[in-house]
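As structure tokens, the structure follows; a few thoughts come after it.
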Amino acid sequence: MRRLKTMLAAGLLLLSGTAFVATASPAQAHDNGVGRTPPMGWNSWNHYGCAIDETLVRRTADAMVANGMRDAGYVYVNIDDCWQGARDADGFLQPDPQRFPSGIKALADYVHARGLKLGIYSDAGVKTCGGRAGSQGHEYQDALQFARWEVDYLKYDWCNTGTGAAQRNPREAYATMRDALRAAGRPIVFSICEWGDNRPWEWAPEIGHLWRTTGDIVNCWNCELGHGSWTSFGILAILDKQAGLRKYSGPGAWNDPDMMEVGNLPTLAENRSHFALWAMLAAPLIAGTDVIAMRPDIAAILTNPRLVAIDQDALGLQGFAWIRTPELEVWARPLSGEKWAIAVLNRSDSQRSHTIDFAGEPLSDDLNQKFAKIGERHYRITDAWTGEAHGTTREPLEVTAGPRDTAVFLLTPLG
Ligand code: GLA
């Protein structure tokens, strides 16, 4: 992505001179020092919807410290929709006095004292999706209020922005809030949530740190649920919608396939697969489950150090489907240090086996010019879930994955 922009800028320089290049340098335009790796944290929406209050947020923050999530990198504690009360006489947003009686600044202080960061939610329309006050017409005032409260992350939704010709221009609407956040002076992660409706990957990298690529996620394996005017999508349905988007993602500008349902899916295998796929996609890792009552096996998935490291890899190159069979997909992702991550996803409801013949199937990422060159060199294979050694690429890799499960391997160059 950055390379693409550099090439574009160089081309424009030749055509138009330096003045134009200065405005055509989006990566610089939005680099405010945060969001360089995919943001990690928790968000209230997937599990709690509107049923939130300050006690829940505090208890969740405490649980994230106690269960190891904070130390694994999950630092953002994000309040989604329904925190808002009325605006005050001067137009400043206030929290719902029943649900957040101590105020948002007190909550920010509470999470900051525990080494965490606070996220909040608003909307580019007059009202949010949940019918609370939106930021349209109040962008600079709301950004200032968020900064005064010492908020660290803003998810900015797209409900009630008008329809047809009267709809707000999304690029303009999101750029206005970006500029307002910048003017407020606090480095805040800016999460663009317009559901992929207006090809945000083409304009959002210069505006936000992440942009939703699809409609809302729901906790099923491969369903699509209609809700009248909108549809929500299961894990595989969301995965399949990421096709063609990897070239838009990179450090500081991430495709967002939505907050995770890890912990909300029926089987451990499905939860494992969901997490592995989001790591392969370099997706933001925002947990959307009940952290307070989280089972240890779910916490172990979310905090697996090798899987988290794949997601957070410094190169920030999104993975790709390398090999597809009707029911198995082998995903590959080039990592820093000439390493690769390989994930074998079993989409089916019965156990499947697959042999990866490294000699016969070149492992290459043409887009990013990354080539494993297996044969010329070889790699040690590690099971990323367990950390156990799994041979080398000198032999074909035989993989068995249970129903809806995903095996993940790390390939490390042999010295
Ligand atoms: C939209 C967003 C969700 C959530 C709700 C809140 O549907 O896509 O992620 O924020 O609004 O009302």
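In each ligand, atom 1 is the first atom listed, and ligand 1 is the first ligand listed. Along the sequence shown, residues are numbered consecutively beginning with 1.
- With respect to the salt-bridge test (charged N to carboxylate O, under 4.0 angstrom), the residues Arg87 and Asp142 qualify.
- Using a 30° and 60° split on the angle between ring planes, Trp340 and Phe320 fall in the perpendicular class, above 60°.
- Looking at Asp157, Thr128, Ile217, it is Asp157 that brings a heavy atom closest to atom 1 (C) of ligand 1.
- Atom NZ of Lys247 and atom CG of Asn368 lie 12.0 Å apart (nearest 0.5 Å).
- The ligand atoms of ligand 1 that sit less than 4.0 angstrom from a heavy atom of Cys129 are 1 (C), 11 (O), 12 (O).
- Near Met259, meaning under 4.0 Å from one of its heavy atoms, ligand 1 places the atoms 9 (O).
- For Asp258, no heavy-atom contact with ligand 1 is shorter than 4.0 Å.
- In this structure, Phe146 and Trp83 have perpendicular ring planes: the angle between them is above 60°, well past the 30° mark.
- Ring centroids of Trp230 and Trp158 are separated by 6.0 Å or more, keeping the two rings apart.
- No N or O atom of Trp45 sits closer than 3.5 Å to an N or O atom of ligand 1.
- Neither the backbone nor the side chain of Trp230 comes within 4.0 Å of ligand 1, counting heavy atoms alone.
- Under the 4.0 angstrom criterion for non-hydrogen atoms, Trp195 is in contact with ligand 1.
- Per-residue contacts place Lys155 under 4.0 angstrom from the following atoms of ligand 1 (heavy atoms of the residue considered): 3 (C), 4 (C), 9 (O), 10 (O).
- Listed by number with element, the atoms of ligand 1 under 4.0 angstrom from any heavy atom of Arg212 are 8 (O), 9 (O).
- Contacts with ligand 1 closer than 4.0 Å are made by side-chain heavy atoms of Cys193 only, the backbone lying farther away.
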